[in-house]
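What follows is a set of notes on a single structure, which appears directly below.
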Amino acid sequence: MTVALDFEQLWSNLPFPAFVVDASDSFEGVNSAAEHLFGRSNRQLQTVPLTRHFGPTSILIDTLSQARKGAMSMTRYGVSMAVIDGPLFECAIHLSALGDEGRFLVVLVSDGSSKKISQSIDNLAAGRSISGLAAMLAHEIRNPLAGISGAAQLLAMSGDEEADELSGLISEEARRIGDLVARVEQYGDQTPVEFKPVNIHTVLDTAVRSAKAGFGQDIQFKKAYDPSLPEVPGDPDQLMQVFQNLLKNACEAVNSGRGQIRIQTHYNSGVKMNLAGQPRVNLPMQIDITDNGAGIPATLIDDIFDPFITTKTNGSGLGLSLVSKVVAAHGGLIECSSQPGRTVFSVRLPLWKD
């Protein structure tokens with residue numbers, strides 16, 4: 001069955017403001033959502049300079065200027081935009097070059113569509129606030145826990161069979177609590193990252209070998225590396241922890257014997273991050289970990305990186321939160337998209353600079 005696509009109808013029905021600009025940064029054509037944003041029709045906007053609606057100092061004008069210096073596409077997240085005399089709104093700016101004549105397609109994706117990126121940025125601040133609490137709780141719990149374990153050992157020495165059974169139960173529960181405290185303590189670690197150049201493929205290869213030897217023995221791993229990628233700044237042990245955690249989650253999500261996990265690296269020069277009060281950060285290194293599992297429930301996908309949120313029956317909900325914290329500490333972002341049969345975790349990192 002062949003489906004004929006009506007591109008004019010698709011363009012008109014896009015739910016986001018989209019428009020084409022020419023080499024002089026003037027409107028060449030806009031869709032219905034853009035007409036609504038500007039309060040003007042497509043015919044009225046043609047050949048009108050962007051500066052008339054956004055102003056000469058708009059971040060959109062600056063992004064177009066950056067894209068014209070050689071990038072075929074560019075994405076800018078966490079941007080505050082406003083049409084002149086209009087309200088401020090949060091969005092992501094997506095630019096795509098149309099040929100080599102200086103024309104660009106501009107799409108302004110607002111609110112929920114850029115929410116995942118905004119949440120990734122917010123995880124850095126949230127992680128800092130929870131880290132202090134986690135460190136304090138871990139310290140306070142360890143002391144009484146040691147006393148409980150010691151009392152269980154003394155109880156086991158009494159020779160009473162019932163007491164011995166109870167002491168075993170107490171010791172096992174104390175061990176389980178100790179493991180949880182260790183994870184909480186790890187989340188509370190606020191030691192600054194000691195940055196050095198890291199070959200991300202070496203880290204990924206080691207993480208995959210570890211997975212194959214343990215929790216991923218029955219899983220098929222596929223690699224799609226870009227060998228030309230440069231190094232990233234970071235701590236190799238912490239980055240190893242990130243990808244081991246992501247691979248472990250992926251292995252647990254797929255069916256044993258039929259599970260497939262794809263690890264891909266590529267260069268995405270158009271991804272930038274804006275944080276208030278800080279210079280723009282380029283995040284061109286992208287690592288995608290894709291599995292063919294059942295997917296993450298839609299009710300959880302927006303909160304998957306928040307502490308104590310988990311899809312596992314016996315999970316602590318700290319694994320992905322810790323991953324997000326480590327990625328943020330490395331100046332990067334992590335995103336997740338999921339549907340039945342395909343879940344993708346994308347880690348974006350800056351490049352090493354001498």
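Within the 4.5 Å cutoff, the side chain of Asn282 has no heavy atoms near those of the Leu351 side chain. Residues Leu108 and Ile93 form a side-chain contact, since some pair of their non-hydrogen atoms from C-beta on lies under 4.5 Å apart. Looking only at side-chain heavy atoms (C-beta outward), Ile263 and Leu247 come within less than 4.5 Å of each other. Residues Trp352 and Val198 form no side-chain contact, since every pair of their non-hydrogen atoms from C-beta on lies 4.5 Å or further apart. Between Lys196 and Pro236 the shortest side-chain heavy-atom distance falls below 4.5 Å. Annotation: side chain of Thr206 is not in contact with side chain of Phe243 (no heavy-atom distance under 4.5 Å).
Smallest separation of non-hydrogen atoms from Gln244 and Ala207: CG-CB, 4.1 Å. The two atoms that bring Leu246 and Val323 nearest to each other are CD2-CG1, 4.2 Å, heavy atoms only. For Pro17 against Ala33, the heavy-atom pair with the smallest separation is N-CB, 3.6 Å.
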Show the atom names and distances, to 0.1 Å, of all donor-acceptor pairs under 3.5 Å that link a side chain in residues 43-57 to residues at least two apart or in another chain.
from: Gln44; atom 1: OE1; to: Ser41; atom 2: N; distance (Å): 2.9
from: Gln44; atom 1: OE1; to: Ser41; atom 2: OG; distance (Å): 3.3

Going by atom type alone, with no hydrogens or angles, which donor-acceptor pairs under 3.5 Å involve a side-chain atom of residues 287-295 and a protein atom two or more places apart or on another chain?
from: Asp288; atom 1: OD1; to: Gln286; atom 2: NE2; distance (Å): 3.1
from: Asp288; atom 1: OD1; to: Ser346; atom 2: OG; distance (Å): 2.6
from: Asp288; atom 1: OD2; to: His266; atom 2: NE2; distance (Å): 3.1
from: Asp288; atom 1: OD2; to: Gln286; atom 2: NE2; distance (Å): 3.3
from: Asp291; atom 1: OD1; to: Gly293; atom 2: N; distance (Å): 2.8
from: Asn292; atom 1: OD1; to: Gln260; atom 2: N; distance (Å): 2.9
from: Asn292; atom 1: ND2; to: Arg258; atom 2: O; distance (Å): 3.2

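Applying the 6.0 Å contact sphere to NZ of Lys223 captures more than 12 heavy atoms from other residues, nucleotides or ligands.
For Lys212, the salt bridge (Lys or Arg N to Asp or Glu O under 4.0 Å) criterion is met by no residue, not counting sequence neighbours. Remark: Ala224 pairs with Arg262, Gln264 by the side chain to side chain contact (heavy atoms under 4.5 Å, CB included) rule, at least two apart or across chains. The side chain to side chain contact (heavy atoms under 4.5 Å, CB included) search around Ser228 returns Asp226, not counting sequence neighbours.
Both Ile59 and Phe19 belong to a common hydrophobic cluster when Ile, Leu, Val, Met, Phe, Trp and Tyr are linked at side-chain heavy-atom distances under 4.5 angstrom. Both Leu229 and Val327 belong to a single network of hydrophobic side chains, linked directly or stepwise wherever heavy atoms of I, L, V, M, F, W or Y lie under 4.5 Å apart. Put simply, Met240 and Leu320 are part of the same group of oily side chains (I, L, V, M, F, W, Y) that touch within less than 4.5 Å, one to the next.
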- Message: Run Asp235 and His330 through side chain to side chain contact (heavy atoms under 4.5 Å, CB included) and show every step you take.
- Response: CA-CA 8 Å; Asp235 181 314; His330 280 72; 4.1 Å; yes

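Listed by first then second residue, pairs satisfying ring-ring contact (aromatic ring centres under 6.0 Å, His included) with a partner in residues 200-222 read His201-Tyr225, not counting sequence neighbours.
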